[in-house]
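Report on one structure; see the data block that follows.
Heavy atoms only: backbone and side chains are in, while hydrogens, waters and symmetry mates are out. Counting from 1, the numbers follow the sequence of the chain as shown.
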Amino acid sequence: MLFNTLSGRFLLLTAAFVMLAEILIFVPSVARFREDYIMSRLERAQIASLALLATDGMIDQNLERELLANAEVYNVVLRRDEVRQLVLSSPIPAPIERSFDLRDAPAWELIRDAVACLADPQNRVIRVIGAPVRQAGLLIEATMETAPLRAAMIEYGLRILGLSALISAVTAALLFLAVRRLLVTPIRRVVSHMSVYADAPEDARRIIEPQSKVVELREAEEALQSMQHQLTGALRQKDRLAQLGSAVAKVSHDLRNILTSAQLFADRMETSDDPMVKRAAPKLVNSISRAVGLCESTLAFGKAEEPPPTLTRFMVSTLIRDVVESEKLAAGENDVEFVTDVPQTLAVRADHEQLYRVLTNLVRNARQAIEATRAPGTIEISAGEEEEGWWLRVGDTGPGLPERAREHLFQPFQGGFRKGGTGLGLAISAELIRGHGGRLELLRSDAEGTEFVIHLPRDLVPGLAVPTTRTVAATEA
């Protein structure tokens, strides 16, 4: 319906407000009309009186009645030279009810008398007093009936109301058209763009282009455009993540087969008589086993989800030593020093492989940040126990994270700060720690280096896998 639309309701409100304004004007206008009506009768009565005075009071009675009828009064009294003189007279049909003095009457009094006249339907006789025109005396009085006055006021009021209704209709129609042109049409355009965009939000061609010249509507269009850009980007990113997950699953499948073959060769290396090979073979076997397990986890739990952690209790010093030894091999000739401050007897309850992945990501990022500066640096790993659980810190003396990386630190593909990096490592690490019911935080990152802390809760979190009783041996690589 029309009146359920914005423009229709605006039409109703405009008409109502214009009519209200006209009503507020109507009462003073009717009061002014009453004053003019009475003054015109007094002027006629004064003219008739002057005509009588010019004949020295000798006038035919028929002419006197005609003069009074023309002035629409019963009698006329002039006060000249402090003498009150009845100039014209005729029989009065009823007693005089009230007297009204129009000389310097205040506005509120005129409005009050006009409203009283309109509200009284009975015909009454009143006396009106005014100042003669052109100073033809001190005052002039006349006696008249209220019925003709009230009828004239009603007729005038109806004309005013009719004119007000016409003005209200024309004004409302013009404003209706203006609102449709300036507001409704742009709003419909925005709604149309939203509907078109909703059909294919990944299509950047459907993003709205702000065109409105109205400031508020243009701001709304710009806000909608920004939201659509963000949503389209997020959908594209999710699509890329889905494609990446599919690719990772395929690669993991083939890589698992390759690593299985490599594991067989590593098993044979353990039978070698070379002491160097015998010492390196167990670590090689363990590394290949971790890679095979990771590939199987990727295939088993999908391309975008991590399996729930299987909690075990193990010595964290052994885990950190494995991470450090791996990163020392990767550092090669680079001048990177590794410092650990971990109690040998500190045991934590966590998923051994997932925590290994998290620490590896943090230490590798620290090492690569230091190597990028081509200057010596230090990586410090520490751990400890507190009332709520355990904490592990990884700090470095690298150049610190750029501002963009800090803003999107744990978001996939956005927190990367190294050339060629994907930004997935920290996102995966944060997800793995959240799976333990803990949290991964950035403590600081400035020109003196970067420091991360891992908090692992002591109490079990609902939804985690039931921990096994197995304890990883201190000698486990």
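Taking both residues in full, the closest heavy atoms of P399 and A369 are given as CD-O, 3.6 Å, listed atom of the first, atom of the second, then distance.
Not one N or O on the side chain of S226 forms a donor-acceptor pair closer than 3.5 Å with the backbone of E222. Here the side chain of T232 pairs no donor or acceptor atom with the backbone of H229 at under 3.5 angstrom. Not one N or O on the side chain of Y37 forms a donor-acceptor pair closer than 3.5 Å with the backbone of A152. Under a 3.5 Å cut-off, the side chain of D351 and the backbone N or O of T310 do form a donor-acceptor pair.
Scored by the salt bridge (charged side-chain N to carboxylate O under 4.0 Å, His left out) test, E451 finds R393, R444 as partners (sequence neighbours excluded). Residues that satisfy the salt bridge (charged side-chain N to carboxylate O under 4.0 Å, His left out) test with E327, not counting sequence neighbours, are R364, R367. Take D120 and apply the salt bridge (charged side-chain N to carboxylate O under 4.0 Å, His left out) test, not counting sequence neighbours, and it matches R124. Taking R189 as the reference, H193, I208, Q211, E221 meet the side chain to side chain contact (heavy atoms under 4.5 Å, CB included) condition, with sequence neighbours excluded. Residues passing the ring-ring contact (aromatic ring centres under 6.0 Å, His included) test with Y156 are F33, sequence neighbours excluded.
Between N365 and T450, the closest side-chain pair of non-hydrogen atoms is not below 4.5 Å. Put simply, the side chain of V115 does not reach to within 4.5 Å of the side chain of V30, judged on heavy atoms. Annotation: side chain of S326 is in contact with side chain of Y356 (closest heavy-atom distance under 4.5 Å). Residues V348 and L319 fail the side-chain proximity criterion, which asks for heavy atoms closer than 4.5 Å. I370 places a side-chain heavy atom less than 4.5 Å from the side chain of T397. Contact annotation: the side chain of E388 never approaches that of R458 to less than 4.5 Å [non-hydrogen atoms, C-beta and beyond]. Here the side chains of L346 and W390 are in contact, with some heavy-atom distance below 4.5 Å. Contact of the M194 side chain with the L224 side chain is registered, since non-hydrogen atoms from C-beta on lie closer than 4.5 Å.
Atom CD of E448 has 12 or fewer heavy atoms from other residues, nucleotides or ligands within 6.0 Å.
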TODO: Check step by step if side-chain contact (heavy atoms from CB on, under 4.5 Å) holds for V363 and V394.
DONE: CA-CA 7 Å; V363 175; V394 178; 4.2 Å; yes
- [ ] Decide salt bridge (Lys or Arg N to Asp or Glu O under 4.0 Å) for R159 and E155; before the verdict, give the C-alpha distance in whole Å, the side-chain angles of both, and the deciding distance to 0.1 Å.
- [x] CA-CA 6 Å; R159 290 200 306 268; E155 181 182 358; 3.5 Å; yes
- [ ] Report the C-alpha separation of E386 and W391 in whole Å, then their side-chain angles, then the decisive distance to 0.1 Å, and conclude whether the side-chain contact (heavy atoms from CB on, under 4.5 Å) test is met.
- [x] CA-CA 8 Å; E386 55 190 4; W391 56 266; 3.9 Å; yes
TODO: Take L311 and H436, measure what side-chain contact (heavy atoms from CB on, under 4.5 Å) needs, and give me the verdict at the end.
DONE: CA-CA 9 Å; L311 301 180; H436 285 72; 3.8 Å; yes
Open item on the list: Between L392 and I381, is the side-chain contact (heavy atoms from CB on, under 4.5 Å) condition met? List the steps.
Closed with: CA-CA 7 Å; L392 296 91; I381 308 172; 5.9 Å; no
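Atom NE2 in H455 sits 10.5 Å away from atom CD1 in I433 (nearest 0.5 Å).
With respect to the salt-bridge test (charged N to carboxylate O, under 4.0 angstrom), the residues R32 and E35 qualify.
Here side chain to side chain donor-acceptor pair (under 3.5 Å) pairs that include residues 98-117, with residues two or more places apart or in two chains, are S99-R127, D101-R103.
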